[in-house]
Amino acid sequence: SGMSKEERILDWVKQHAVVGDPQSVVDAMDVYSRQKEWSMHVGDIKGVIVDKVMEEVKPQILLELGTYCGYSAVRMAHLLPPGGHLFTIEFNESFATIAQQVIEVAGLRDKISILKGPSQEIIPQLKKKYEINSVDMVFLDHWKSRYLPDTKLLEENGIIRKGTVLLADNVICPGAPDFLEYVRNSKRYECTTYPVENIRVNDALEKAVFLG
Ligand SMILES: Nc1ncc2ncn(CCCCCNC(=O)c3cc(-c4ccc(F)cc4)cc(O)c3O)c2n1
Ligand SMILES: [Mg+2]
(Lines give C-alpha, C1' and ligand atoms only; values in the text may rest on other atoms or scores of the structure.)
(Ligands and ions follow the chains in the order given, each with its own letter.)
Protein backbone atom coordinates (compact mmCIF):
# COMPACT_ATOMS: atom_id res chain seq x y z
CA SER A 1 0.00 0.00 0.00
CA GLY A 2 1.28 3.46 0.59
CA MET A 3 1.23 6.37 -1.84
CA SER A 4 1.97 5.88 -5.50
CA LYS A 5 4.62 8.03 -7.17
CA GLU A 6 1.81 9.90 -8.93
CA GLU A 7 0.10 10.62 -5.59
CA ARG A 8 3.41 11.92 -4.24
CA ILE A 9 3.69 14.20 -7.26
CA LEU A 10 0.15 15.54 -6.68
CA ASP A 11 0.94 16.08 -2.98
CA TRP A 12 4.07 18.04 -3.92
CA VAL A 13 2.09 20.18 -6.36
CA LYS A 14 -0.55 20.92 -3.70
CA GLN A 15 2.20 21.97 -1.28
CA HIS A 16 4.43 23.92 -3.70
CA ALA A 17 2.25 25.39 -6.43
CA VAL A 18 0.09 28.50 -6.23
CA VAL A 19 -3.60 27.72 -6.89
CA GLY A 20 -4.67 29.25 -10.21
CA ASP A 21 -1.08 29.68 -11.42
CA PRO A 22 -0.29 27.12 -14.18
CA GLN A 23 3.39 28.09 -14.40
CA SER A 24 3.87 27.34 -10.69
CA VAL A 25 2.32 23.88 -11.25
CA VAL A 26 4.69 23.18 -14.16
CA ASP A 27 7.67 24.46 -12.13
CA ALA A 28 6.71 22.35 -9.09
CA MET A 29 6.45 19.18 -11.21
CA ASP A 30 9.82 19.93 -12.84
CA VAL A 31 11.47 20.44 -9.44
CA TYR A 32 9.96 17.20 -8.09
CA SER A 33 11.11 15.23 -11.12
CA ARG A 34 14.63 16.65 -10.94
CA GLN A 35 15.17 16.64 -7.16
CA LYS A 36 12.98 13.79 -5.84
CA GLU A 37 11.77 11.18 -8.33
CA TRP A 38 12.28 11.26 -12.08
CA SER A 39 8.92 11.04 -13.88
CA MET A 40 8.03 10.71 -17.53
CA HIS A 41 6.73 14.24 -18.08
CA VAL A 42 7.87 15.94 -21.25
CA GLY A 43 9.77 18.20 -18.81
CA ASP A 44 11.36 21.63 -18.86
CA ILE A 45 13.95 21.16 -21.62
CA LYS A 46 11.63 19.57 -24.21
CA GLY A 47 8.84 21.76 -22.81
CA VAL A 48 10.45 24.83 -24.36
CA ILE A 49 10.04 23.20 -27.80
CA VAL A 50 6.39 22.39 -27.01
CA ASP A 51 5.87 26.06 -26.02
CA LYS A 52 7.43 27.25 -29.30
CA VAL A 53 5.15 25.03 -31.39
CA MET A 54 2.12 26.20 -29.35
CA GLU A 55 3.05 29.81 -30.12
CA GLU A 56 3.43 28.97 -33.84
CA VAL A 57 0.20 26.97 -34.19
CA LYS A 58 -2.08 28.80 -31.69
CA PRO A 59 -4.45 25.80 -31.74
CA GLN A 60 -8.15 26.33 -30.96
CA ILE A 61 -8.67 22.59 -30.57
CA LEU A 62 -5.74 20.54 -29.24
CA LEU A 63 -5.77 16.75 -28.76
CA GLU A 64 -3.26 15.08 -26.43
CA LEU A 65 -2.69 11.31 -26.38
CA GLY A 66 -1.46 10.26 -22.92
CA THR A 67 -2.20 12.61 -20.00
CA TYR A 68 -0.20 10.94 -17.20
CA CYS A 69 -0.23 13.50 -14.33
CA GLY A 70 -1.26 16.42 -16.51
CA TYR A 71 2.09 18.22 -16.84
CA SER A 72 1.91 18.75 -20.61
CA ALA A 73 -1.85 19.39 -20.48
CA VAL A 74 -1.26 22.26 -18.01
CA ARG A 75 1.80 23.52 -19.88
CA MET A 76 -0.04 23.63 -23.23
CA ALA A 77 -3.47 24.75 -22.00
CA HIS A 78 -1.78 27.74 -20.34
CA LEU A 79 -0.65 28.81 -23.83
CA LEU A 80 -3.97 28.22 -25.65
CA PRO A 81 -5.44 31.27 -27.43
CA PRO A 82 -8.75 32.64 -26.02
CA GLY A 83 -11.56 30.10 -26.56
CA GLY A 84 -9.10 27.28 -27.12
CA HIS A 85 -9.68 23.83 -25.61
CA LEU A 86 -7.48 20.79 -24.91
CA PHE A 87 -8.88 17.24 -25.03
CA THR A 88 -6.51 14.73 -23.46
CA ILE A 89 -6.92 10.93 -23.61
CA GLU A 90 -5.78 8.78 -20.67
CA PHE A 91 -6.66 5.13 -20.12
CA ASN A 92 -5.16 4.70 -16.65
CA GLU A 93 -7.93 5.63 -14.18
CA SER A 94 -5.56 6.51 -11.32
CA PHE A 95 -3.41 8.74 -13.56
CA ALA A 96 -6.58 10.45 -14.86
CA THR A 97 -7.73 11.14 -11.28
CA ILE A 98 -4.34 12.62 -10.36
CA ALA A 99 -4.26 14.70 -13.55
CA GLN A 100 -7.75 16.11 -12.91
CA GLN A 101 -6.59 17.38 -9.51
CA VAL A 102 -3.36 18.84 -10.94
CA ILE A 103 -5.47 20.65 -13.55
CA GLU A 104 -7.74 21.97 -10.74
CA VAL A 105 -4.73 23.39 -8.85
CA ALA A 106 -3.66 25.11 -12.09
CA GLY A 107 -7.14 26.63 -12.45
CA LEU A 108 -7.52 25.18 -15.95
CA ARG A 109 -10.60 22.94 -15.51
CA ASP A 110 -12.55 24.97 -18.11
CA LYS A 111 -9.82 24.60 -20.75
CA ILE A 112 -9.05 20.89 -20.41
CA SER A 113 -11.25 17.77 -20.79
CA ILE A 114 -9.81 14.39 -19.84
CA LEU A 115 -11.29 11.61 -22.00
CA LYS A 116 -10.88 8.32 -20.16
CA GLY A 117 -10.08 5.24 -22.20
CA PRO A 118 -7.61 3.82 -24.68
CA SER A 119 -6.85 6.11 -27.63
CA GLN A 120 -7.78 3.42 -30.14
CA GLU A 121 -11.33 3.39 -28.70
CA ILE A 122 -11.74 7.13 -28.08
CA ILE A 123 -10.42 8.45 -31.41
CA PRO A 124 -13.27 6.88 -33.45
CA GLN A 125 -15.76 8.47 -31.00
CA LEU A 126 -14.36 12.01 -31.14
CA LYS A 127 -16.76 13.30 -33.82
CA LYS A 128 -20.02 11.82 -32.60
CA LYS A 129 -19.55 11.57 -28.83
CA TYR A 130 -17.35 14.62 -28.21
CA GLU A 131 -18.57 16.77 -31.13
CA ILE A 132 -15.01 17.38 -32.29
CA ASN A 133 -15.01 18.09 -36.02
CA SER A 134 -11.26 18.39 -36.58
CA VAL A 135 -8.27 19.31 -34.43
CA ASP A 136 -5.57 21.93 -35.06
CA MET A 137 -2.80 20.10 -33.22
CA VAL A 138 -2.12 16.65 -31.71
CA PHE A 139 0.49 16.01 -28.99
CA LEU A 140 1.48 12.31 -29.01
CA ASP A 141 2.90 11.11 -25.71
CA HIS A 142 1.26 7.72 -25.03
CA TRP A 143 2.37 4.16 -25.86
CA LYS A 144 5.10 4.62 -28.46
CA SER A 145 3.80 1.60 -30.38
CA ARG A 146 0.44 3.39 -30.71
CA TYR A 147 1.82 6.53 -32.40
CA LEU A 148 1.59 5.07 -35.92
CA PRO A 149 -1.71 3.17 -35.68
CA ASP A 150 -3.37 6.15 -33.97
CA THR A 151 -2.03 8.56 -36.61
CA LYS A 152 -3.70 6.36 -39.23
CA LEU A 153 -6.89 6.30 -37.11
CA LEU A 154 -6.83 10.12 -36.95
CA GLU A 155 -6.49 10.24 -40.77
CA GLU A 156 -9.21 7.64 -41.40
CA ASN A 157 -11.67 9.31 -39.01
CA GLY A 158 -11.10 12.74 -40.55
CA ILE A 159 -9.94 14.17 -37.21
CA ILE A 160 -6.86 15.80 -38.75
CA ARG A 161 -7.19 18.22 -41.67
CA LYS A 162 -4.85 20.06 -44.04
CA GLY A 163 -2.41 21.96 -41.79
CA THR A 164 -3.01 20.00 -38.58
CA VAL A 165 0.28 19.75 -36.68
CA LEU A 166 1.29 16.45 -35.04
CA LEU A 167 3.93 16.91 -32.33
CA ALA A 168 5.35 13.61 -31.02
CA ASP A 169 7.45 13.20 -27.87
CA ASN A 170 10.07 10.44 -27.47
CA VAL A 171 10.68 9.61 -31.12
CA ILE A 172 14.27 8.60 -30.16
CA CYS A 173 13.90 7.40 -26.54
CA PRO A 174 11.95 5.18 -25.90
CA GLY A 175 11.46 5.64 -29.66
CA ALA A 176 8.72 5.35 -32.26
CA PRO A 177 10.65 4.14 -35.33
CA ASP A 178 7.67 2.99 -37.39
CA PHE A 179 5.87 6.33 -36.83
CA LEU A 180 9.03 8.27 -37.81
CA GLU A 181 9.52 6.19 -40.96
CA TYR A 182 5.88 6.69 -41.94
CA VAL A 183 5.62 10.47 -41.54
CA ARG A 184 9.12 11.14 -42.93
CA ASN A 185 8.53 9.07 -46.07
CA SER A 186 4.92 10.08 -46.62
CA LYS A 187 4.20 12.85 -49.14
CA ARG A 188 1.27 13.79 -46.92
CA TYR A 189 3.47 15.10 -44.09
CA GLU A 190 6.03 17.88 -43.80
CA CYS A 191 8.41 16.88 -40.96
CA THR A 192 10.82 18.73 -38.68
CA THR A 193 12.94 17.04 -35.99
CA TYR A 194 13.80 18.83 -32.72
CA PRO A 195 16.67 16.90 -31.10
CA VAL A 196 17.29 17.30 -27.37
CA GLU A 197 20.63 16.28 -25.87
CA ASN A 198 20.58 16.49 -22.12
CA ILE A 199 22.30 14.85 -19.19
CA ARG A 200 20.04 11.84 -18.94
CA VAL A 201 19.04 10.74 -22.40
CA ASN A 202 19.16 11.87 -25.96
CA ASP A 203 15.68 12.23 -27.37
CA ALA A 204 13.78 14.24 -29.97
CA LEU A 205 10.38 15.67 -30.73
CA GLU A 206 9.06 15.27 -34.28
CA LYS A 207 6.70 17.84 -35.80
CA ALA A 208 4.71 16.45 -38.72
CA VAL A 209 2.35 18.83 -40.52
CA PHE A 210 -0.49 17.00 -42.31
CA LEU A 211 -0.76 18.23 -45.91
CA GLY A 212 -4.22 16.71 -46.52
N1 LIG B 1 -3.29 3.53 -26.22
C2 LIG B 1 -3.27 4.35 -25.14
N3 LIG B 1 -4.32 5.20 -25.00
C4 LIG B 1 -4.33 6.06 -23.97
C5 LIG B 1 -3.28 6.05 -23.06
N6 LIG B 1 -3.04 6.74 -21.92
C7 LIG B 1 -1.87 6.30 -21.44
N8 LIG B 1 -1.40 5.33 -22.20
C9 LIG B 1 -0.20 4.58 -21.95
C10 LIG B 1 0.95 5.53 -21.93
C11 LIG B 1 2.09 4.93 -21.12
C12 LIG B 1 3.16 5.95 -20.90
C13 LIG B 1 3.69 6.49 -22.24
N14 LIG B 1 4.92 7.28 -22.08
C15 LIG B 1 6.10 6.66 -21.95
O16 LIG B 1 6.17 5.45 -21.96
C17 LIG B 1 7.34 7.48 -21.79
C18 LIG B 1 8.52 6.86 -21.33
C19 LIG B 1 9.69 7.61 -21.15
C20 LIG B 1 10.93 6.96 -20.66
C21 LIG B 1 10.85 5.87 -19.80
C22 LIG B 1 12.02 5.26 -19.35
C23 LIG B 1 13.26 5.74 -19.75
F24 LIG B 1 14.39 5.16 -19.30
C25 LIG B 1 13.34 6.82 -20.61
C26 LIG B 1 12.19 7.42 -21.07
C27 LIG B 1 9.70 8.98 -21.42
C28 LIG B 1 8.53 9.59 -21.89
O29 LIG B 1 8.51 10.91 -22.20
C30 LIG B 1 7.36 8.86 -22.08
O31 LIG B 1 6.25 9.51 -22.56
C32 LIG B 1 -2.24 5.14 -23.26
N33 LIG B 1 -2.22 4.29 -24.30
MG1 LIG C 1 6.84 11.42 -23.29
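Counting convention: from 1, in listed order, for ligands and their atoms alike. A quick note: this is a predicted structure, and the numbers were derived from the prediction, not measured.
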Consider every N or O of [X] and every N or O of ligand 1, then say whether any pair is closer than 3.5 Å.
X	result
F91	yes
H41	no
D150	no
N170	yes
N92	no

Metal site angle (apex the Mg ion (ligand 2)), OD1 from N170 and OD1 from D141, 10 degrees: 90°
Within the 6.0 Å centroid threshold, strictly below: H142 and Y147: yes
Taking only heavy atoms of E90, which atoms of ligand 1 are found under 4.0 Å from at least one of them? 6 (N), 7 (C)
Could you list the atoms of ligand 1 found under 4.0 angstrom from a heavy atom of S119? 1 (N), 2 (C), 3 (N), 4 (C)
Polar side-chain atom of [X] near backbone of [Y] as donor-acceptor pair, under 3.5 Å:
X	Y	result
D136	I61	yes
T67	G70	no
D203	C173	yes
K129	L126	no
R75	V26	no
K127	N133	yes

Give me the residue, atom name and distance of the protein heavy atom closest to [atom].
atom	value
atom 14 (N) of ligand 1	K144 NZ, 3.3 Å
atom 12 (C) of ligand 1	M40 CE, 3.5 Å
atom 18 (C) of ligand 1	P174 CG, 3.6 Å
atom 25 (C) of ligand 1	C173 SG, 3.8 Å
atom 33 (N) of ligand 1	W143 CD1, 3.2 Å

Does the side chain to side chain donor-acceptor pair (under 3.5 Å) test come out yes or no for E37 and Y32, once each step is laid out? CA-CA 6 Å; E37 300 178 83; Y32 190 81; 2.4 Å; yes
Any [X] heavy atom less than 4.0 Å to ligand 1:
X	answer
D169	yes
W38	yes
D141	yes

Answer with yes or no whether the side chains of E6 and S94 bring together a donor and an acceptor at under 3.5 Å. no
The Mg ion (ligand 2) to D169: nearest N/O/S atom name: OD2
Heavy-atom proximity to atom 13 (C) of ligand 1 ranks first, among H142, K46, E121, for H142
Among R161, K162, R188, whose salt bridge (Lys or Arg N to Asp or Glu O under 4.0 Å) with E155 holds? R188
Cation-pi check for Y182 against K152: NZ or CZ below 6.0 Å from the six-membered ring centre and within 45 degrees of the axis, yes or no? yes
Using the six-membered ring wherever Trp is involved, compare the ring planes of Y68 and F95 and label them parallel, tilted or perpendicular (cut-offs 30° and 60°). perpendicular
At under 4.0 Å between heavy atoms, which part of R146 makes contact with ligand 1: side chain, backbone, both or neither? side chain
